[in-house]
Number of protein chains: 2
Amino acid sequence: MAITLHDVARLAGVSIKTVSNVINDYPHIRPATRTKVESAISELGYQPNLSARSLRSGRSGVISLLIPDLRNAYFAELADAVMRAAQAKGLSVIIEQMPGGKKEELEILRGPRMQLVDGILYSVLALGEEDAHELDSRMPMVLLGDRIFHGPKDHVTMQNTAGAKAATEHLLSLGRRRIAALGSHPGEVVGSAGLRLEGYRQALDEAGVAYDPSLVIPAINWHRKDGAAAMRRFLEQGVPFDGLVAFNDSMALGAMRVMQEAGLRIPDDVSVIGFDDIDETRYSIPSLSTIDPSKDEIAETAVDLLLERIDNPESDAPARDLATEFRVVQRESSAR
Amino acid sequence: MAITLHDVARLAGVSIKTVSNVINDYPHIRPATRTKVESAISELGYQPNLSARSLRSGRSGVISLLIPDLRNAYFAELADAVMRAAQAKGLSVIIEQMPGGKKEELEILRGPRMQLVDGILYSVLALGEEDAHELDSRMPMVLLGDRIFHGPKDHVTMQNTAGAKAATEHLLSLGRRRIAALGSHPGEVVGSAGLRLEGYRQALDEAGVAYDPSLVIPAINWHRKDGAAAMRRFLEQGVPFDGLVAFNDSMALGAMRVMQEAGLRIPDDVSVIGFDDIDETRYSIPSLSTIDPSKDEIAETAVDLLLERIDNPESDAPARDLATEFRVVQRESSAR
DNA sequence: CTTGTCATTTACAACGTTGTAAAGTAAACG
DNA sequence: CGTTTACTTTACAACGTTGTAAATGACAAG
């Protein structure tokens, strides 16, 4: 039904291989031939069949982005950034959501759909260091997020510990001394939660402020409602506090809402800072201070690394760990 | 490199076609043969090559979702709903963003990537009724959004006019009489903006409230910042008002922020209602009343329609226009 | 024991593309 | 003018799968 190389070749009066050569920028083609072919292509509106190309060449021009959940603004914005970066390199992106835990993640990773793509950007949620060996070693892959380190794959992340430290220092610099941390995963060391908690502790240590476990508020999922629920529980305990470092913006927004319902004024009574710099933080009431992880940089770096792996499938260059820069963004929630 | 039908066939001691038959649930296969083949498949960890399957059968199991912008919470949530619906039917989704206007939309629609997919869900932004003929007639496609009606393709949308009417009626029922409308596109009739404005007018008419053009606030893009900017301009004009129907939630949130900065109390001074029921509306301060367009229903309906078109490529059943139910969600921004 | 029927399995071609290697052509050299 | 050299184009096979049609097997009826 659709136009194929054969149709173009017939119209241009050359072989299909010559048409293919024109399309793939093979250098030795007579200018007259090239012109003929090109005008035949545009006359017929030829579009290469990507399935055939992919079957023959092993390259589809599609990469997968595996993320937990698009409803989470951070991942939506990250996905946006990845798609822009990919588009700039001529790649399409298949997004797969995996909100279902370890079993589902492995299923998707091993499923037939991964055959279709040239490489995978995998924002690890459930898998841990101990599952690293489950990752297909032949598939080009770049890991995002912070669950697997020094694994078998390239890895791009923000500086979690340094970022959380800077966030905490920011509140300390405002004179806050009873700073709560929202979003811990008890017992976790390597994930974002563990690393950010570590940064929080480092900042307290260096400032000579004692670490008080009762100020650490656990929250497993990091959505608005989880932040709200956790803050509700925390307020019931009546632990006095004057600052809040939330491990992401969504939780911070949920928590701010609950705090204000409870009559706490932000930033007068409690200074708040989040993590991720999602767009919403600019318009919340009050606007939310945050750590900007430069999602664009993460996305571009990850796509570049992935493309490098795709282009050199034989290379056994060791896996690289890259950490991007971050920036403290002060808004009303931590105004002086 | 990867396992193919040949490998499975060799191990099971049958022909590749028999393996193919087993995989595709061909009925006439001896149970013993089926067992042999199945155990060979799982022993080798065979995964079908989707490129080859797609090349041969013309089906890839992938659909495209064309949306303006993932940073817009509505589209992120819609994309999420579409992906869930698609996953339930065994389909993958390629998301393409097209923030660039008509030219870019047509480029993407006609680009080679559309060859890879079985069908397209197209959330029309820039194209209008007059461009309907540009849509490839052979490609299964379902239109979302409200720019093209009675076009050549199936169409799923919410009841824009009825929804806006209900929103306006809701504010009227609270005794509001000077209700502003935020997000109009001057001159537009068919898009969401035009239809929602129409609903707003109908509600006023029926309530016997005069339509006052100075209460209609234009905003071309519908992001938070556009709502904020438009409201800032509107406040400068000093037009008195006591209610606000925003044509989407993001604008409403941006506008609420500006109103509160200006000292207006919500809902005491101004009752506000938005459109879309994005998650954020539950946690904003105040929480935002809105029209819930049932994104899940839109997504499921659209995927079902698309799948029907994909399965019956020859059918020339006429294009259908479906409108989903909506629901008025009252929250604090329009509390009594 | 032959024939017919149905179940089961197979060989082969085809989908549209690109890699390989070879064929053809023109220009340059001795 | 024959030969080398470089450029340009081509035929053919292959990627892994499924559709078509034909071959084989099994079994009941005549």
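Chain letters run A, B, ... following the sequence lines, proteins first and then strands; every chain starts at 1.
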base_contact_polar (C:dT17 base, A:R56 side chain, donor-acceptor, <3.5 Å): no
Please report, rounded to the nearest Å, how far the C1' atom of C:dT17 is from the CG atom of A:L50. 11 Å
Does a side-chain N or O from A:S15 land closer than 4.0 Å to OP1 or OP2 of D:dT10, or not? yes
Considering just the side-chain nitrogens and oxygens of A:Y26, establish if one lies under 4.0 Å of OP1 or OP2 belonging to C:dT20. no
Between A:S42 and A:S39, do the side chains contain a donor N or O and an acceptor N or O under 3.5 Å apart? no
Taking side-chain contact (heavy atoms from CB on, under 4.5 Å) as the criterion, tell me which of B:I94, B:L65, B:L70 meets it with A:I95. B:L70
Would you say a side-chain N or O of A:R30 is under 4.0 Å from OP1 or OP2 of D:dT9? yes
Out of D:dT10, D:dT17, C:dA7, minimum distance to the side chain of B:R53 belongs to D:dT17
Given DNA chain C, 5'-ward residue of the pair B:G13 and A:Y46, judged by closest heavy atom: B:G13
Which nucleotide in the set D:dC7, D:dG19, C:dA7 lies at the smallest distance from any side-chain heavy atom of B:H28? C:dA7
Residue pair B:K36, B:V14: steps toward the side chain to side chain contact (heavy atoms under 4.5 Å, CB included) verdict: CA-CA 9 Å; B:K36 248 189 328 188; B:V14 297; 4.1 Å; yes
Could you tell me how far apart B:N24 (CG) and C:dT9 (P) are, to the nearest whole angstrom? 15 Å
C:dT10 phosphate, OP1 or OP2, under 4.0 Å from B:T18 side-chain N/O: yes
From NZ of B:K17 across to C1' of C:dA14 the rounded distance in Å is 12 Å
Among B:I108, B:L109, B:I120, B:L116, which residue meets the side-chain contact (heavy atoms from CB on, under 4.5 Å) test with B:S64? B:I120
Do A:V62 and A:D118 touch side chain to side chain, with heavy atoms closer than 4.5 Å? no
Rounded distance in Å - CD1 (A:I3) to C1' (C:dT17): 16 Å
Expressed in angstrom and rounded to an integer, what is the separation of A:N49 atom CG from D:dC15 atom P? 18 Å
Touch class at under 4.0 angstrom, heavy-atom based, for A:I16 against every strand present: base
Could you give the CG-to-P distance, from A:L5 to D:dC12, as a whole number of Å? 17 Å
Distance check needed: C:dG16 P versus A:D7 CG, whole Å only. 9 Å
For a quick check of understanding: with a heavy-atom distance under 4.0 Å over all strands, which category does B:I29 fall into, base, sugar-phosphate or nothing? sugar-phosphate
Any side-chain N or O of B:N21 less than 4.0 Å from the OP1 or OP2 oxygen of C:dT9? no
Ignoring backbone atoms, establish whether B:T33 has a side-chain N or O less than 4.0 Å from OP1 or OP2 of C:dT8. no
How long is the line joining NE2 of B:H6 and C1' of D:dA14, in whole Å? 11 Å
